[in-house]
Amino acid sequence: MTATAPSPFRLLLEVNLRQGWRRLLALREQSRLLTGLIVVFLLGYAALAFKLFQVGLRFAGSFPGLGSVLIERMLFLLFAFLFVLLLLSNLVISYSNLFRNRETTFLLPLPVPSEVVFRWKFIESMLLASWAFVFLVAPLLAAYGLNRGVPWHFYPITVLFIALFIALPAAGGAWCAVAVARFLDRRSFQLTALLTGAVVVAVVAFWLRPLQVTDEELETRVLVVLDNLLARTQFAIFPLLPSYWLSAGVQQWAEGALAAAVFFALVLLSHALFFGTLMFTRMGAWFYGAASMVQSRSSLLGRWTWFRAWQVRRARARLERGPAERLFDWLPFVAADTRALIVKDLRLFWRDTTQWAQSLVLFGLLAVYILNLRHFSQQLTNTFWITVVAYLNLGACALNLATLTTRFVYPQFSLEGKRLWIVGLAPLGLPRVLLAKFALGTGISLGLSLGLILLSCRLLDLAWDRTLLYASAITVMAFTLNGLAIGLGALYPNLKEDNPSKIVSGFGGTFCLVLSFVYIVGSVLVLAFASPWNPAAGFRFETYVAWGVFVVLSILLGWLPLRAGLRQALRFEH
Amino acid sequence: MIELDHLVKRFGDLVAVNDVTLTVPRGEFFAVLGPNAAGKTTTIKIVTGLMKPTSGRARVAGFDVQAHPLEARQRLAFVPDFPFLYDKLTPLEFLRFTARLFRMPENVVEGPGQELIARFNLGTYLGQTIESLSHGTKQRVAIVSALLHDPEVCVLDEPMVGLDPHHARVLKDVLKERSERGMTVFVSTHQLSVAEEMADRIGIMHEGRLIAVGTREELRRRSGTSGALEQTFLALTAQEANLREERALATTAAGGPRGS
């Protein structure tokens, strides 16, 4: 009983489009207020980013004789960094999508060629990994086009350039994901990721270390300084980098050099076609072998005796009390059941390599940020600007804190998933489970954020009274943001999903991110406008009012969702 | 039919499937039993093509699963213990989707599929999204979708999980009827009653090895028991465990294992 059926790829596409459409329609069942808020936030971000890019590009372009060179190099640099980030993002998402995805396991025993399964998952991963990139660069390219007064066809052509470009990091990321799955088990991957991260941070910190420029040099030898800057960032115009083809093509089109732009478009097209063909036709068998290896829990390192011996030692060590348990033994005032819950959460996080890898990317970026901060204190002499940078640094640390709470703390309740009854029916009770997760999230994120703010203030050479004030602000924010994340996580649980990224990208996670962002921007602005330093010379009435407003707002935004979450937990039906 | 030829699967130092050779002929209902971590699921994963064997071969309906995967899968149905279904589709859409993947005519669900849908009482659920269904109903949808293309070989891993007694009975009846019509059934289960009642032959796996294969009577004779299958199973696995212990002691007495 056979019939001419459409290709399996088309069937997969149809089914997944239908699923996606129904998910979109399901949004109608959510609160309109929340949907509206998120739409406003997304549009607001696009408008704000567009305005900032427009002002920034105008400012950079206003340097006589140098403006266009600076803008050109900035675009090359931006796309080069985004290329690397896209590569990492594609690696992580492709790995999850290819090897930890139930749809893949469902499809493999069906009469669907492994090439088709890989093809479908490759496209899905590419779209998942690249939408944020498109969302980020769209306002930039719109601002660039408007500043340059480009013709209308610049915009559709840019879309084409970007569509061709995102295929390349997607191919690279998917290839790396299959290689990682084929050769590395969880522990070898963690080791490799740590080592690679450390090497990359060291290389970037060394290569991009700021130049020491005196005020005199800035005034008299601008060309030399600029020359140094261009030489140091020359890697971004390495002609074999796909980001170079994209930046060069877009800029050439804006300048009206259509032949050169078409050349770069063709270079991108030929590479996209070449690597796309490899992905579509040659990776299926390799992917199938890697999928089998992932299930076989074998590793390339398993060939060596030392690794096998180490694995045996680890297996033995797991029979004993682990370091986390021993650590919490020192906290006898924490109840035994709460300790058990916290140790369980820590272990699950540590053993989930995907979460781990994403936090590594975040901390790598933070390390680069921190390494560059000290140069502000050496180069800024105006006390007003030092104050501005100090508040911007507070904002950056707070945004990092919000990233941690939204990405890692918000999904904690949902991650109990179908196992929620285990903790829910224990004498501990769900409200205490929530409070334990709140305490753990606050403890870790506060520790990291305090370390970050103290280190950054030290590198900015700020006085202790200032450092103390910023540390107090970040402490209040840590309690608020964790309360918000835990509370909303319990109010909008997604107990069906095991993947924390997908839990966060749901409605409640996005709402948490929007509220955190608005809270941080509002708080930093309120605190900065009533700053006791520069132009003011000490604490004044407005300072106390601003701190009062900040603390009350923080209590409301942290406590109310947490209380609602606790009540929800009390009423929770398993 | 299913043919396993000196099948071996290693996970590092652990041998999950150890030199398993077995032929399940066309139309036979074969149940594989074994304690946890005996290698049953790994064997199923190799048969269904989810995993490559370290060595040896698995053939389904005459096709090597690794060398001719599409031909083998076209003739195979697999029902895992916790099947994946697309949450936002309705059962009807899902059944149409799997039917088309197996190159069946579009009307197979409305035509020949109706009998299966009726027997598993899915008619009232066909228009609801799968996410709103109970675990047992989802399991029934997965079973119907697996049997829709009239497979030559059906592999089931703990198929009774989540099914109520009525639908467990329906599944047993359907599988028995199909096996009488020529479908080979390979079931891994911990429910000894399923094997006792349904299976033409039973295989017992222990620590990766297929330690015994035969009809209920043959296994009873071999184990030296006369009661229910439970006693036979416990006796055979205990015998195997004792045998291993004796071998280990003998090796130690002879100077220990040769270093690797």
Side-chain angles (χ1 to χ4, degrees), chain A residues 1-12 14-26 101-117 185 284-285 288-299 301-303 305 307-309 311-312 315 418 496-497, chain B residues 9-14 16 42 44-54 65-66 69-80 82-90 93-94 96-108 111-112 129 131 135 142 145-146 148-150 155 260:
Chain A
M1 204 188 334
T2 58
T4 49
S7 71
F9 182 80
R10 200 181 125 189
L11 284 172
L12 282 173
E14 277 176 19
V15 156
N16 281 281
L17 281 178
R18 189 171 292 165
Q19 284 242 112
W21 177 243
R22 291 206 177 135
R23 285 210 175 97
L24 207 62
L25 289 182
N101 182 279
R102 294 191 65 214
E103 188 191 18
T104 313
T105 315
F106 161 71
L107 291 172
L108 281 176
L110 294 176
V112 180
S114 45
E115 281 81 11
V116 173
V117 179
D185 61 3
Y288 176 66
S292 176
M293 286 300 282
V294 167
Q295 300 207 42
S296 305
R297 300 189 302 274
S298 190
S299 152
L301 299 182
R303 293 173 188 180
T305 316
F307 184 79
R308 291 208 300 272
Q311 296 280 63
V312 171
K418 292 174 183 129
K496 289 179 184 166
E497 187 55 68
Chain B
K9 181 66 190 179
R10 291 176 190 278
F11 298 146
D13 287 338
L14 176 77
T42 306
I44 283 181
K45 282 184 174 177
I46 294 171
V47 171
T48 54
L50 277 169
M51 193 183 270
K52 285 181 175 180
T54 308
V65 175
Q66 293 302 319
L70 291 185
E71 288 83 352
R73 290 176 203 169
Q74 184 69 41
R75 290 157 179 83
L76 177 81
F78 174 44
V79 182
F82 292 98
F84 168 86
L85 303 166
Y86 292 92
D87 274 356
K88 293 284 178 189
L89 296 190
T90 64
E93 289 166 340
F94 181 72
R96 280 187 188 143
F97 165 67
T98 46
R100 290 165 87 193
L101 278 180
F102 280 92
R103 298 176 186 278
M104 307 287 287
E106 285 205 20
N107 61 357
V108 70
T129 51
E131 66 185 346
H135 174 64
S145 84
L148 203 59
H149 69 284
D150 210 3
V155 178
S260 57

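As the structure is a computational prediction, the values presented were derived from the model and not from experiment.
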Between A/E103 and chain B, with a heavy-atom cut-off of 4.5 Å, which part of the residue counts as in contact: side chain, backbone, both or neither? both
For B/T98, is it the side chain, the backbone, both or neither that has a heavy atom under 4.5 Å from a heavy atom of chain A? side chain
Can you confirm if the aromatic rings of B/F84 and B/F82 lie within a centre distance of less than 6.0 Å? no
Answer with side chain, backbone, both or neither: which region of B/P80 has an atom nearer than 4.5 Å to a non-hydrogen atom of chain A? neither
Among B/A77, B/P69, B/P83, the residue with the most heavy-atom pairs under 4.5 Å to chain A is B/P83
So B/S145 and B/F94, do their side chains get closer than 4.5 Å, heavy atoms only? yes
Rounded to the nearest 0.5 Å, how far apart are CD of A/Q19 and NZ of B/K88? 8.0 Å
Leading residue by heavy atom contact count with chain B [cutoff under 4.5 Å; candidates A/P113, A/P8, A/G20, A/A291]: A/P113
Side chains of B/Q66 and A/Y288: donor-acceptor distance under 3.5 Å anywhere? yes
Select one option (side chain, backbone, both, neither) describing which atoms of B/F78 are under 4.5 Å from chain A's heavy atoms. side chain
Interface moiety of B/E71 toward chain A, non-hydrogen atoms closer than 4.5 Å: neither
Under a 4.0 Å threshold between the charged nitrogen and the carboxylate oxygen, would B/E131 count as salt-bridged to A/R23? no
